[in-house]
Amino acid sequence: MSTQLSPVPNVAPDGELSTELLKRMHELMVKSRVLEERLIQMYKQGDGYFWIGGPGEEAFNVPLGLLIQKGQGVQFDYCHFHYRNSGTLLAMGADPIDALRQMKNTASDPYSGGRNFCGHYSLRKWNVVPVSSPIEVQYSMAPGTALAQKRAGGTGITIVTGGDAGTAEGDFATCLVWCSRPANPLPLLMIVTNNKWGISTSADGQHGEKNVSDRGKAFGIRCKTIDGNDPEVSYREIAAAMEYVRTERKPFLLEAVLSRLYGHSSASGANRALDEADCLVGFEKKLEQRKLLDRKAADELRAHYTQELQEAHRRVHVEPQPDGKTIYDHIFSTKDLVRGEG
Amino acid sequence: MSTQLSPVPNVAPDGELSTELLKRMHELMVKSRVLEERLIQMYKQGDGYFWIGGPGEEAFNVPLGLLIQKGQGVQFDYCHFHYRNSGTLLAMGADPIDALRQMKNTASDPYSGGRNFCGHYSLRKWNVVPVSSPIEVQYSMAPGTALAQKRAGGTGITIVTGGDAGTAEGDFATCLVWCSRPANPLPLLMIVTNNKWGISTSADGQHGEKNVSDRGKAFGIRCKTIDGNDPEVSYREIAAAMEYVRTERKPFLLEAVLSRLYGHSSASGANRALDEADCLVGFEKKLEQRKLLDRKAADELRAHYTQELQEAHRRVHVEPQPDGKTIYDHIFSTKDLVRGEG
Amino acid sequence: MANMVQAIRMALHVAEERHQVTDIFGEDVGPPLGGAFTATQGLKKTWNSPLDERGIVGASIGLALAGCRNVAEIQFCDYAFNTIDLLKLGGMMHWSSNGDWNCPMTIMTPVGSGIRGSIYHSHSFDTTATHIPGYKIAIPSTPRDAYGLLLSCIVDPNPCFFLVPKALMRVRCAPGEEIPGEPGDDRALSKMIDAPLGDRSKWQPQWPDTPDLFVPIGEAKTVRQGAGLTVVSYGRTLPLCAKAAEALAGEGVDAEVIDLRTLWPYDWEAVKASVRKTGRLLVVNEDTEVTNFGEHLIRRTVSELFYELQAAPRLLAGAHVPGVGLADNLEMASVPQLQGISQAMRELAAEQP
Amino acid sequence: MANMVQAIRMALHVAEERHQVTDIFGEDVGPPLGGAFTATQGLKKTWNSPLDERGIVGASIGLALAGCRNVAEIQFCDYAFNTIDLLKLGGMMHWSSNGDWNCPMTIMTPVGSGIRGSIYHSHSFDTTATHIPGYKIAIPSTPRDAYGLLLSCIVDPNPCFFLVPKALMRVRCAPGEEIPGEPGDDRALSKMIDAPLGDRSKWQPQWPDTPDLFVPIGEAKTVRQGAGLTVVSYGRTLPLCAKAAEALAGEGVDAEVIDLRTLWPYDWEAVKASVRKTGRLLVVNEDTEVTNFGEHLIRRTVSELFYELQAAPRLLAGAHVPGVGLADNLEMASVPQLQGISQAMRELAAEQP
Ligand SMILES: Cc1ncc(C[n+]2csc(CCOP(=O)(O)OP(=O)(O)O)c2C)c(N)n1
Ligand SMILES: Cc1ncc(C[n+]2csc(CCOP(=O)(O)OP(=O)(O)O)c2C)c(N)n1
Ligand SMILES: [Mg+2]
Ligand SMILES: [Mg+2]
């Protein structure tokens, strides 16, 4: 069941990231942007009923995925994600075609067998717990996996992600309360991706907090608000936060301010927002200035993945849908899978 | 429908309280202590199935009651209480015999007609919304009455009370979020009576916060933690907090640290806790030192109310119980009472 | 002719203009969106709440207790399941205070399947709502009923659930079923009250002059007379039952179809009279079938009309599975569809001891 | 002889010693109290949670996903109504992941009336629980069944509800119904496993050596054979049904009484066989009667056994009111009592077309 422990990069907040890492991040950001564009296209072509995802969040989600200790069981990181973490999954090594399968709700969709919306990942082999549509519930569940990890010892931690508007739900407070109990502080990295919107509702009128992350202070939880549109900042800050949580076995609340590039979801049209900063454009500009990337290479990279996903789409297009009779499958489990049975 | 506006006392935090006020507070504290003792006795004599109340909280609950703008409708204060506010009701002018009626669940119980537990007050004529057993739900409802008052203008405010352990429920966070929205801050006085216990569970292991009131800071809510065992401090601080909420039309979070003198409820025996400070003893000592009270007068006062409540008990003892057929009464209302019909 | 969303919008307009509604709120209910389904566009009393259903239900109760008639929206009923305790409290304000308080709020929420909403946008709420005492519960199947039932809920001094079948949001009035005062022409109405795409900051709706039309709570509507069997339904499945009945008439299956319209109180007299006539009852809804409100109707039927029944009463409802799956085949197999309804009607009509 | 609370405590001891239970938690579950009803005294894996039911259910799911068998207590089921969405999610972890994950948790909670718990300590949970797919649901009426059903829930790889009838907490095993290994003498057992009053910091329980006794989920128990009518019940009302049946035997009313014991899956074969024999069915529970699990049993009975019924099947359940009132008369009038049960049995036995 176990997978190799990926080394925990120990980067000081001001430390330089290697050229190789920067390039790896850039490639993954391109890859996940292209994936989202393909998913949106599928929706607009009627190859799927609903799209939701994370275009604009790549600068944060990709580093997050690279830093996760991927594997199964308490010695690895548990991931309680929401519906915008496709970049994280790709960085963890997921094959983008599987995202297309969930988009097209084919029987071959490895995350839900065509039962759930796109972006609703679930992979036991990597501790990715089923993403569910109800906002914020993952924050109430996360303390449970973190409790198991605290008891087990080691460096495995629990990571939970969600948006800014969702922090108004009681579950966010539940997570703050449960992970900071003096009786048993938990190795839990609480992440809030703040895109300043909840569907059509602007954050301005709704949040008395200056920073969402300020809410951790009263509980003695370490917290920080960072520029989630900068992949280098994101990588360093996530690494530092994880380092703290892994070694101190205490919680950390990290807020990343970032962009929402295609609106909330297909329900709001999934059209490109022109007033939002594009982290990919910004990062490429930097890399070009530093001579780590030239336009041509960047265009080729994009073309390469566009092509790859086009072919993937063609394949998925003809894959069979689940049969109606299967709705009764897997209501009850005969095996205790999470306890190592089969 | 409307009642006289009681004047809003404008006391500076360090202002002196008049002798008359101190004596009035003392008398009401004695009265409500004797009421609770009577209720406990009724329980122990089998004259009621369950006791819960506020003995030990008189130093805070009595001033609170004296400072409430009592009446019906948005120009008066709305009270979203929990089950320990008997001292507040007495200070507002409630007749203690009615508490005995609810304890004995007689048909004459004006708060619930014998349907609800003792201490579960409800009085529309004074804006006391029905107290319910589920912990913390009042914090989710309070913003609603405060919204109506904000719109109406004037000096009416909403007051919500609850315990320390209950702040772990999401509803407490809901109240913080809703009353501090930049779009519409609310005239809401959030009160937490911190007795350091949730039934048998000590606060130590459960609260990462140094003070519960710190949780208001992130939202820009004014907050303060005070000694709820001192009636003079309580009166001044409640008055100051109310003054702010009434005039600024903004929220305030007030935490009062105080004692639980007879344990959680009859479920835990309702026996006198010897390790808790008694606010009444402390206050009487002070008054005696200042020559505002002598032992004899204090004893007579106590004897007077003991006698009064003994007689009340005798009367209630023989009052009829509600008839079984009445369970179907008042499921639906034919009149819009809260909108002035009948 | 108005569709259901437009009908709801017009009712809310009338309510805020003439019936003292002070607040119409919930997630994305106010500008710029005006509701996930556009039901609250162009109104005056709308505002956007925090993303917090407990806060929404709590605020609705608080506003009601302060004498403010309000309509609180839960964006999808699927997201009301963390508020059942608060809903129960709202339903007992009058009862627990022994008649001292009342709670004039309306909880409006889209229900059911039909838009490929997958696991968490396809829930039904009829079973849950009918198990909470103290509420009046409406679930329209036509725009006109939506208009008239919503107004009845709003002026009622008691808490009400107004359940809106997602699948019927865009369905238009049948001829003769218009809302009095609305322009007959769809485009004309749309121009008047549908917000434009793009910038809406300057847009003002022009409301047609529609009357106070109150569809009484507790009154069912018989949408088709018949002597062969009684079909009781509501919401998304009602039009399917009516359609099936028309189609089967040719085969000599003569179904009486009743649109219950309100689930509490419900029109028992109408159901009873029909079952007395036909001796056969089929209840159709799309909530999961175990512990389902349709089973209450069947229980009451057998306890009062057992000896007048000519065949076993039936329930056709949603499959008892954790959710409605996204894929076409999965949704189709999970909740009643036209074919299954016709099949059940055929079988019941033909059933012989 | 053990009472139900002691039986639960012994089962939890066996579970933490031999069945890898890692966490038994909830409000006041750990020392010093050991549970509002003392069900968790003296155990090793207990701890006190924050006062937050959503956190309790969420942590239970999270622990289960991390492979930790756990028992999470909601102090009263009345306080689970703000967690229905989380409970639904727990029930669909396996299904929504298409079989990839499972969720081995047990939610334990006291249910029902009988202790003058007033409006918010008297709720039932059978209707709500049976409407949430993905759970196995147990509700014992004897200490031995409590012991055996709790162990079955704990070792099950699926989420389970273990509902404990408050009114039966202190009821002792009937002779012959003991838990193997427990001392026959009540005082002896109490000395071994009941925490002393006052300071408990040094107290250590002495656990009797009780075996792995698994009462299978899905198997009802016929507590009285009879040919005249079938009475299906569970929880608090079951012993009342059995008592009434004994008393009525003299009058020639020969009732078969079935203790359903588990509500999902439930033992349909046992119910069917009995109704086939008697032709008459009475279902008794104390949840409010509108959209009630008993109505599901009646619906299934009429859909499968209609032509074998000799009388209209009946439900005797709680009154459809917002809560159980505190006063004696109010509680008595709100939920089934011995007399009403006897009356219903008499009437059903005598009913002629
Ligand atoms: C409990 C719940 N309420 C409402 C919704 C509908 N909804 C889906 S996404 C969303 C906005 C979420 O905003 P935020 O938390 O900021 O995350 P973002 O989508 O902006 O990343 C809402 C209201 C939901 N899915 N769940
Ligand atoms: C939602 C809910 N959960 C659990 C309970 C059971 N209960 C009643 S009082 C109480 C402790 C409350 O502690 P705190 O909030 O500190 O108030 P206190 O009683 O100490 O004044 C608990 C757990 C309840 N009434 N409601
Ligand atoms: Mg957002
Ligand atoms: Mg306390």
Side-chain angles (χ1 to χ4, degrees), chain A residues 73-74 78 80 107 109-116 120 122-125 127-132 134 137-149 151-152 156 158 169-171 173-175 177-178 181 183-184 322 326-341, chain D residues 19-20 22-23 25 30 45 47-70 72 82-105 133-136 155-160 217-218 264-265:
Chain A
V74 291
Y78 280 97
H80 299 259
D109 154 28
Y111 306 123
S112 69
R115 291 174 172 185
N116 216 339
H120 287 51
S122 169
L123 269 185
R124 183 163 54 93
K125 70 174 181 187
N127 283 350
V128 177
V129 312
V131 172
S132 70
V137 291
Q138 66 273 26
Y139 288 85
S140 284
M141 300 180 194
T145 51
L147 265 162
Q149 291 172 306
R151 181 161 46 213
T158 288
E169 297 275 4
D171 303 87
T174 285
C175 197
V177 168
W178 283 66
R181 294 170 59 230
N184 195 15
T326 63
I327 62 172
Y328 292 102
D329 297 348
H330 307 303
I331 292 174
F332 288 117
S333 179
T334 52
K335 291 212 183 107
D336 209 339
L337 305 160
V338 295
R339 301 185 64 247
E341 276 180 35
Chain D
H19 301 294
Q20 303 88 47
T22 57
D23 298 86
F25 67 106
K45 305 292 188 180
W47 51 278
N48 292 327
S49 76
L51 204 178
D52 174 17
E53 288 72 22
R54 292 187 64 75
I56 292 168
V57 173
S60 180
I61 294 171
L63 282 162
L65 294 177
C68 299
R69 272 184 183 160
N70 68 90
N82 61 338
T83 69
I84 305 302
D85 59 324
L86 287 167
L87 292 171
K88 286 163 82 66
L89 286 168
M92 67 168 75
M93 283 292 164
H94 189 58
W95 185 89
S96 66
S97 64
N98 205 28
D100 190 33
W101 287 89
N102 69 299
C103 190
M105 67 174 177
Y135 283 81
K136 300 190 178 177
V155 300
D156 198 285
N158 299 287
C160 298
I217 294 172
W264 199 269

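All of these numbers come straight from a predicted model, not from anything done at the bench.
- Under the side chain to side chain contact (heavy atoms under 4.5 Å, CB included) test applied with A:Val137, the options D:Ile61, D:Leu89, D:Val57 reduce to a single match, D:Leu89.
- Both the backbone and the side chain of A:Arg124 come within less than 4.5 Å of a heavy atom in chain D.
- Interface remark: D:Ser60 contributes no atoms to any contact with chain A (heavy atom separation under 4.5 Å).
- Put simply, of A:Ala173, A:Pro110, A:Ser112, A:Ala148, the one with the most heavy-atom pairs under 4.5 Å next to chain D is A:Ser112.
- Between atom CE of residue D:Met92 and atom CZ of residue A:Arg115 there is a gap of 11.0 Å, rounded to the nearest 0.5 Å.
- Comparing A:Ser333, A:Ser122, A:Pro322 by how many heavy-atom pairs each has under 4.5 Å with chain D, the most go to A:Ser333.
- What you find for A:Arg181 and D:Pro50 is that their closest heavy atoms are CD-CG, 3.6 Å.
- By the 30° and 60° cut-offs, the orientation of the rings of D:Trp47 relative to A:Trp178 is perpendicular.
- The main-chain N or O of A:Asn127 is never found under 3.5 Å from a side-chain atom of D:Trp101 such that the two would form a donor-acceptor pair.
- Going from atom CG of D:Asp100 over to atom CG of A:Leu123 covers 6.5 Å, rounded to the nearest 0.5 Å.
- Side-chain contact between A:Lys335 and D:Asn102 is absent, with no heavy-atom pair separated by less than 4.5 Å.
- Residue D:Ala66 comes nearest to A:Val74 through the heavy atom pair O-CG1, 4.0 Å, listed as atom of the first residue, atom of the second, then distance.
- Only the backbone of A:Thr334 comes within contact range of chain D, judged by heavy atoms closer than 4.5 Å.
- A 4.5 Å side-chain heavy-atom check between D:Leu86 and A:Met141 finds at least one atom pair inside the cut-off.
- A distance of 10.5 Å separates CG in A:Asn116 from CG in D:Asn98, rounded to the nearest 0.5 Å.
- Here the OG atom belonging to A:Ser132 is positioned 6.5 Å from the CE atom belonging to D:Met93, to the nearest 0.5 angstrom.
- Interatomic distance, A:Thr174 OG1 to D:Ile56 CD1, rounded to the nearest 0.5 Å: 10.0 Å.
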Task: D:Asp23 and A:Arg151: CA distance, side-chain angles, deciding distance, side-chain contact (heavy atoms from CB on, under 4.5 Å) verdict - done: CA-CA 11 Å; D:Asp23 298 86; A:Arg151 181 161 46 213; 2.5 Å; yes
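- Within the 4.5 angstrom heavy-atom criterion, no atom of D:Asn70 approaches chain A.
- D:His94 approaches A:His330 most closely through the heavy-atom pair CD2-O, 3.0 Å.
- Atom SG of residue D:Cys103 and atom CG of residue A:Asp336 lie 10.0 Å apart, to the nearest 0.5 angstrom.
- Residue contact with chain D, scored on non-hydrogen atoms closer than 4.5 Å, involves the side chain of A:Tyr78 exclusively.
- For D:Asn158, the part lying near chain A is the side chain, with the backbone staying farther off; criterion is any non-hydrogen pair under 4.5 Å.
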